[in-house]
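Structure first, then comments.
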Amino acid sequence: MSGFPDDMPFFDEPAPKPQSEAAGGGAMGGIAARALAARQGHGNAPDYLKGLNPEQRLAVETTEGPVLVLAGAGTGKTRVLTTRIAHILATGRAWPSQILAVTFTNKAAREMKNRIGLLVGEAIEGMPWLGTFHSIGVKLLRRHAELVGLRSDFTILDTDDVTRLIKQLIQAEGLDDKRWAPRTFAQMIDGWKNKGLGPDEIAEGDARAFANGKGRELYRSYQARLTTLNACDFGDLLLHPIRIFRKHHDVLAEYHRKFKYILVDEYQDTNTAQYMWLRLLAQRPSFEAPLRSTPQDERSDPTNSPARDRAPPDFSGATAQGQPPKAATRPVSENKVNICCVGDDDQSIYGWRGAEVDNILRFEKDFPGATVVRLERNYRSTAHILGAAAHLIAHNEGRLGKTLFTDRPDPEDPKVNVHAAWDSDEEARAVGETVEVYQRQKHNLNDMAILVRASFQMRSFEDRFIEIGLNYRVIGGPRFYERQEIRDALAYLRVVANPGDDLAFERIVNVPKRGLGEAAVRQVHDTARALRIPMLEAAGNLAESDELKPKPRAALREVAANFARWQSALETTPHTELAETILEESGYTAMWKNDRSAEAPGRLENLKELIRSMEEYESLRSFLEHVALVMDAEQNEEQDAISIMTLHSAKGLEFETVFLPGWEEGLFPHQRALDEGGRSALEEERRLAYVGLTRAKKNLHLWFVSNRRIHGLWQSTIPSRFLDELPEAHVEVAEGGNSYGGYGNSYGGGFSAGRQNPYGASRFDSVGSASGGSFSNTYATPGWARAKANRTEATDRNWGSRSGHQVERIGYGEVDSGYGAGRTSVKGRTIEGELVAKSVADTPSAFHVGDRVFHQKFGNGNVAAIDGNKLTIDFDRAGQKKVLDGFVTAVG
DNA sequence: GGCATCACCATTTTT
DNA sequence: TGGTGATGCC
């Protein structure tokens with residue numbers, strides 16, 4: 001991404017040439033030649049169109065008017081986007097600078113740039129408006145900053161800065177920052193900004209919910225403070241441009257003229273603010289769609305803040321300024337909106353951070369006459385994987401509806417495997433063994449991945465892989481630019497680049513320790529506020545006065561002198577060299593060299609890496625811009641290693657072999673999603689499962705365990721309802737229990753919909769009961785049965801090596817015999833080819849609500865509810881638990 | 001200012 | 001259970 005000062009001037013591009021000229025003129029270099037090829041008629045499609053399937057080609061060639069491309073997983077989405085851009089360029093429809101192409105992540109933007117580059121050669125240099133929402137937002141804002149009271153050299157605050165700032169504000173209000181956590185408020189503000197709401201627009205209820213009803217004032221003073229600091233947060237990068245567009249018609253009109261084509265990647269992930277932003281840019285005055293509908297998002301959002309009931313903010317630039325929304329005199333062609341949104345409603349997994357799936361569901365209403373192209377031909381996965389994924393996702397309502405298919409079904413392809421394990425350690429062990437099996441078959445570790453729901457799950461895999469010496473890499477997790485030492489170093493650089501960056505100054509004024517305590521820093525702060533000058537300047541003033549004691553005074557004098565010196569060197573010294581000097585002279589490097597903790601060498605190494613990475617940028621300023629917007633750092637993939645990551649960070653990736661552990665109720669779907677988000681959250685969890693399944697090209701292994709340690713306590717768990725939703729035809733319950741036995745009947749089958757779901761029983765519950773509850777309650781394959789038979793012994797082996805679990809081991813052993821003898825029916829049944837794990841037992845439970853029962857692990861309790869063979873029991877000591885009836889015995 | 005102790009918490013994460 | 005962040009004591 002290019003840094004900001006070196007941007008090309010805004011409106012200096014030549015007017016677009018008519019198509020006929022563009023093709024013939026040499027100005028576009030290689031493109032012209034391709035354009036020629038493009039115009040040679042249907043029989044002779046240009047190279048870049050060859051190899052596209054008919055749907056992809058339709059998506060590429062429908063350049064005019066609104067287009068929605070519903071691109072299922074692995075259907076060539078990026079290819080369509082990049083080819084479409086290449087096509088627009090090659091046919092001379094627009095100059096590179098007239099195409100606005102937005103993505104969510106820097107990675108996606110980078111990949112698009114690369115791939116367009118491959119298609120059209122050098123012309124990519126001129127794609128200045130391809131980037132993330134935020135990077136394009138910055139670019140817009142730098143040009144028009146004064147319209148919202150900022151200078152164009154404003155700084156971009158990261159979440160850490162924001163939190164510290166809010167903390168100051170909360171304290172300044174005389175509020176207790178423990179009662180009102182700054183981070184919580186930062187998240188609230190972020191949420192509001194995602195919805196496009198400024199301080200005056202938030203709902204009364206929301207405003208009152210924080211800081212003794214001072215939420216709104218706090219938000220307002222936060223914004224005021226940002227303006228004073230000449231800074232903005234991530235949300236402002238979108239909101240400020242929206243404000244500018246709404247208020248300054250001329251500005252918006254310029255961009256309307258400028259952008260001939262708009263492309264949006266991952267449209268299902270757009271939040272309301274991004275949607276507003278896009279609509280402003282895409283919308284022409286005569287464009288008459290309902291700006292925002294719809295009853296649907298109210299319905300699907302049980303958190304339903306009052307804000308949702310208010311009239312939607314009017315972000316139509318036209319109507320806001322009182323212009324008639326209709327401009328009947330304009331020729332239709334001028335009102336054409338050449339916007340192309342690409343996305344997949346089934347992969348919308350970011351609702352919890354403000355994404356509105358509804359945006360994509362509503363596209364055709366928003367843009368009447370839209371061409372909708374469905375990409376369903378999948379080039380990634382086997383028919384089994386696609387079949388499993390399709391069957392699962394079909395349980396969601398409110399989909400646009402796609403069914404992926406493959407042209408290349410292969411009878412040799414393995415089915416999707418479902419495995420059970422006793423607990424998470426065994427799960428890790430078993431996954432490790434399976435990985436080794438693949439390794440022996442010459443599979444690369446790079447082609448395998450373990451995708452987990454929550455990051456705490458990673459640990460057991462890491463432990464195990466270290467133990468057996470298996471290379472792994474964790475994707476995601478703590479980011480390079482979020483590390484303490486990197487932040488500190490960046491704070492120094494920020495102050496040098498921008499002396500008014502008080503937050504950065506405060507961060508490092510006493511790092512390393514210079515004897516500047518809280519009192520001294522406060523003094524600097526207050527002076528700065530009183531005189532309306534930057535803290536750095538205030539520090540210089542105080543150093544010359546006698547308001548402070550000699551020691552802090554000397555420290556401040558040195559700090560001020562240092563920064564003055566570094567700033568003057570900024571013009572003359574290469575920025576990498578200057579950075580080194582700063583870290584050296586400030587004593588920062590020395591601080592870590594003197595630190596004897598284990599992390600210190602790593603931190604020094606990171607600092608070196610930071611300097612190295614600066615080399616790619618031409619100035620300190622452009623580097624800082626990059627850092628503010630790009631929080632990730634490249635991972636090196638040279639070493640052969642299996643990847644471990646969350647399902648969320650796996651979106652967009654693919655692997656030959658995928659392991660999906662932890663498919664248990666409460667973990668996946670996650671209990672918290674169920675508790676807080678109701679049905680729509682369950683559907684999002686299901687989409688997450690869908691994303692997980694569709695990452696696999698060939699081999700897919702799902703796992704669930706019977707016991708998982710959650711918050712340090714062992715909990716018995718039951719298989720995820722999502723397992724129930726997989727089609728039997730494509731799934732195989734894995735054998736191999738002997739090698740890692742011990743799971744036996746403890747999982748019991750079935751899910752926990754009843755009590756745990758606040759919205760009531762899921763409709764999947766009724767699958768069992770509606771059909772008379774005549775299902776097996778267990779997996780039923782020969783291997784399974786064998787494993788069951790081996791269970792007790794294996795369990796002893798597994799648990800015996802641990803201390804402190806004797807009781808449980810014995811307990812389960814005893815329960816097991818009773819359970820096995822009493823009520824198991826091993827023969828599996830299916831319904832319409834569905835249901836691998838069964839939810840409901842053959843026989844209704846013999847227990848009754850109110851029965852006094854005993855459980856080996858949890859002790860005595862009373863039955864509170866019964867759902868098939870699943871009992872909800874209020875235990876005297878362990879609280880309420882859901883257990884299978886086979887695990888308890890009647891008391892008295 | 002540095003260390004020990006204690007309470008508290010515990011999905012998902014980009015920019 | 002274990003990691004973090006804040007408090008309080010020296």
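Just so it is clear, the model here is predicted, and its values are computed rather than measured. Protein chains get the first letters and strands the later ones, always in sequence-line order, with residue 1 at the start of each. Quick note: numbers below take in every heavy atom, side chains included, and nothing from hydrogens, waters or symmetry partners.
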Is His670(A) stacked on the base of dT11(B), meaning ring centres closer than 5.5 Å and planes within 30 degrees of each other? yes
According to a cutoff of under 5.5 Å between the ring centres and under 30° between the ring planes, does Trp352(A) stack with the base of dT12(B)? yes
Using the ring of each side chain (for Trp, its six-membered ring), is Trp352(A) parallel, tilted or perpendicular to His648(A), with breaks at 30° and 60°? perpendicular
Has the side chain of Arg709(A) got a donor or acceptor atom sitting under 3.5 Å from an opposite partner on the base of dT1(C)? no
OP1 or OP2 of [N] under 4.0 Å from side-chain N/O of [X]:
| X | N | result |
| --- | --- | --- |
| Thr159(A) | dT15(B) | no |
| Lys651(A) | dT12(B) | no |
| Thr646(A) | dT13(B) | yes |

Is there a donor-acceptor pair under 3.5 Å between the side chain of Arg708(A) and the backbone N or O of Trp714(A)? no
Between [N] atom [atom2] and [X] atom [atom1], what is the distance in whole Å?
| X | N | atom1 | atom2 | value |
| --- | --- | --- | --- | --- |
| Asp176(A) | dA6(C) | CG | C1' | 12 Å |
| Gln187(A) | dT15(B) | CD | P | 18 Å |
| Asn194(A) | dT15(B) | CG | P | 14 Å |
| Phe154(A) | dT15(B) | CZ | C1' | 13 Å |

Validation row: Tyr222(A), Val162(A) side chains within 4.5 angstrom (heavy atoms): yes
Of the listed nucleotides ([options]), which one gets closest to any side-chain atom of [X]?
| X | options | result |
| --- | --- | --- |
| Arg453(A) | dA10(B), dT12(B), dT15(B) | dT12(B) |
| Ala673(A) | dT13(B), dT11(B), dT15(B) | dT11(B) |
| Lys167(A) | dT15(B), dG1(B), dA6(C) | dA6(C) |

Phe722(A) ring center within less than 6.0 Å of His395(A) ring center: no
